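Since the structure is predicted, the reported quantities are computational estimates derived from the model, not experimental observations.
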Amino acid sequence: MGSSPSRIRRSSHPISISRFNHSPGNSSNQCRYNTVCPYCYRLTRGNENVDDAFRITLQKLFPGAYGLEEFVFQTKQRLVPKGFYPHVNTLVCVGLCRDEITSPFEEKIEAMWGRAFICGSLGGILFCGNTGFAAAHHHAPETSRFIYYCFTHIAIDHKGLVGSVYRTRSGMNEKSTACGALAVFATEIASNTLNLDFDENDIGMSMLKRHIIQQTDLSTDANNAPDLLKVTMTAYDTITIDLERHVQYDAEHFEDRQYALFTGVQIHGPNGMDYCWVGKASLLNKGILSPLVLPATNNPMSTIGILNEQH
């Protein structure tokens with residue numbers, strides 16, 4: 001699956017950008033930007049090209065990645081014919097990492113479906129538990145519809161380096177990491193310093209490590225240490241397992257409800273561009289979990305990505 005977003009998110013402080021240049025005559029196949037903010041006149045990191053390194057890495061690791069807005073739109077197009085109506089009979093639930101750079105995804109979802117019940121934690125892991133899921137499921141009638149968007153996240157910078165992201169909007173000019181919690185987890189394994197003791201002063205991180213290990217076959221051997229991408233994919237697996245378990249439990253008690261489940265990885269690219277890779281899309285109806293097929297977009301890089309104003 002792949003897609004390209006349809007427009008830049010508008011705000012009181014936008015970035016001025018031009019379309020990608022993908023003309024056949026462009027031998028470097030690089031994508032250049034107009035990079036001066038019309039409000040503060042600050043030069044942004046858009047003067048660095050979104051070049052082959054990023055594009056190739058994105059398509060290699062996350063083939064068919066959607067732009068955020070296009071993905072949410074396609075889910076609506078798929079679900080409305082099945083009786084999922086925004087602001088009428090549907091409650092949306094969002095599980096993303098606490099990281100502020102995941103917020104554009106939540107904003108796109110809420111713009112389409114209305115206010116969301118938030119169920120994510122560090123790495124996007126679903127630690128709201130039985131109480132949290134029960135609360136969400138009691139916020140709508142017995143015949144209602146529920147949509148879950150539950151994604152972990154990772155970054156890819158303009159050089160194609162996995163895990164690297166700039167957070168210049170907060171005044172931070174050097175690179176940082178996404179997901180930071182998953183990167184720390186990977187580093188602990190690689191350095192043979194993995195600590196699985198429960199820390200009351202670090203509950204989320206303590207539980208993240210223990211839960212992913214319990215739910216998946218992630219190696220904790222320093223001689224066979226997983227990289228950040230591998231840890232990220234096991235976080236995605238864990239989120240999918242947990243979500244299906246909790247939703248299927250609710251479905252046993254409310255047979256007239258329907259649930260749409262989307263899990264995957266949100267990808268932060270250069271210049272504040274965000275994408276999402278959909279690992280699994282399902283519809284749960286009368287206890288039966290069946291696949292939801294979304295239309296693919298042939299070239300996710302053919303138009304501009306979603307700007308999250310981080311410049």
Distance-minimising heavy-atom pair for [X] and [Y]:
X: Lys175; Y: Ser164; value: CD-OG, 2.8 Å
X: Val80; Y: Pro86; value: CG2-CD, 4.4 Å
X: Asn192; Y: Ala222; value: CB-CB, 3.8 Å
X: Gln77; Y: Pro81; value: O-CD, 3.1 Å
X: Leu126; Y: Cys150; value: CD2-SG, 4.0 Å
X: Leu96; Y: Glu106; value: CD1-N, 3.8 Å

For [X], I'd like to know if atom [atom1] has over 12 heavy atoms of other residues, nucleotides or ligands within 6.0 Å.
X: Glu255; atom1: CD; value: no
X: Lys286; atom1: NZ; value: yes
X: Arg115; atom1: CZ; value: no

_Set out, in order, the CA-CA distance, both residues' side-chain angles and the distance that settles side chain to side chain donor-acceptor pair (under 3.5 Å) for Gln74 and Glu70, then state yes or no._
CA-CA 6 Å; Gln74 293 294 355; Glu70 176 67 9; 2.6 Å; yes

Look only at the side chain of [X] and the backbone of [Y], and say whether a donor-acceptor pair between them is shorter than 3.5 Å.
X: Ser219; Y: Asp221; result: yes
X: Asp157; Y: Gly160; result: yes
X: Thr152; Y: Gly123; result: yes
X: Glu110; Y: Ala116; result: yes
X: Arg145; Y: Leu91; result: no
X: Thr240; Y: Tyr236; result: yes
X: His137; Y: Phe133; result: yes
X: Thr216; Y: Thr234; result: no

Would you indicate whether the side-chain heavy atoms of [Y] and [X] approach each other to under 4.5 Å?
X: Ile109; Y: Phe262; result: no
X: Leu261; Y: Glu244; result: yes
X: Glu188; Y: Lys209; result: yes
X: Asp237; Y: Gln215; result: no
X: Thr263; Y: Val278; result: no
X: Cys276; Y: Phe105; result: yes
X: Tyr259; Y: Ile147; result: no
X: Ile213; Y: Thr220; result: yes

Relative to each other, are the rings of [X] and [Y] parallel, tilted or perpendicular (30° and 60° limits)?
X: Phe146; Y: Tyr148; value: parallel
X: Tyr66; Y: Phe71; value: tilted
X: Phe54; Y: Tyr275; value: tilted

*Carboxylate-amine/guanidinium contact Asp242 Arg245, below 4.0 Å*: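 Here Asp242 pairs with Arg245 in a salt bridge, since their nearest N and O are under 4.0 Å apart.
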
Are [X] and [Y] connected in the hydrophobic side-chain network, where two residues link if heavy atoms are under 4.5 Å apart?
X: Ile239; Y: Ile241; result: no
X: Leu58; Y: Leu228; result: yes
X: Ile154; Y: Leu218; result: yes
X: Val184; Y: Phe127; result: yes
X: Leu294; Y: Tyr149; result: yes

Rounded at 0.5 Å granularity, tell me how far [atom1] in [X] sits from [atom2] in [Y].
X: Cys97; Y: Leu182; atom1: SG; atom2: CG; value: 7.0 Å
X: Cys179; Y: Leu208; atom1: SG; atom2: CG; value: 7.5 Å
X: Thr102; Y: Glu107; atom1: OG1; atom2: CD; value: 9.5 Å
X: Met207; Y: Ser121; atom1: CE; atom2: OG; value: 10.0 Å
X: Leu289; Y: Ser282; atom1: CG; atom2: OG; value: 4.0 Å
X: His153; Y: Asp274; atom1: NE2; atom2: CG; value: 10.5 Å

*Can you list the steps and then say if Val72 with Trp113 is a side-chain contact (heavy atoms from CB on, under 4.5 Å)?*
CA-CA 9 Å; Val72 176; Trp113 294 102; 4.3 Å; yes

*Given the rule in the salt bridge (Lys or Arg N to Asp or Glu O under 4.0 Å) test, do Lys230 and Asp227 qualify, once you have shown the distances and angles that lead to the verdict?*
CA-CA 5 Å; Lys230 176 62 176 178; Asp227 59 12; over 6 Å; no

*Full working for side-chain contact (heavy atoms from CB on, under 4.5 Å) between His268 and Ile156*: CA-CA 6 Å; His268 312 290; Ile156 303 172; over 6 Å; no

*asked:* Under the rule for ring-ring contact (aromatic ring centres under 6.0 Å, His included), what residues qualify as partners of Phe185, not counting sequence neighbours?
replied: none

*Start with the C-alpha gap between Ile212 and Ile125, add the side-chain angles, then the distance that decides, and say whether side-chain contact (heavy atoms from CB on, under 4.5 Å) holds.*
CA-CA 9 Å; Ile212 289 178; Ile125 303 299; 4.1 Å; yes

Expected list for residues 195-204: side-chain donor-acceptor pairs under 3.5 angstrom, two or more places apart:
unit_1: Asn195; atom_1: OD1; unit_2: Asp197; atom_2: N; d: 2.9
unit_1: Asp199; atom_1: OD1; unit_2: Asn201; atom_2: N; d: 2.8

*Less than 6.0 Å separating the ring centroids of Phe151 and Trp277?*
no

*side-chain contact (heavy atoms from CB on, under 4.5 Å) between Gln214 and Thr238, worked out*: CA-CA 9 Å; Gln214 290 171 356; Thr238 301; over 6 Å; no

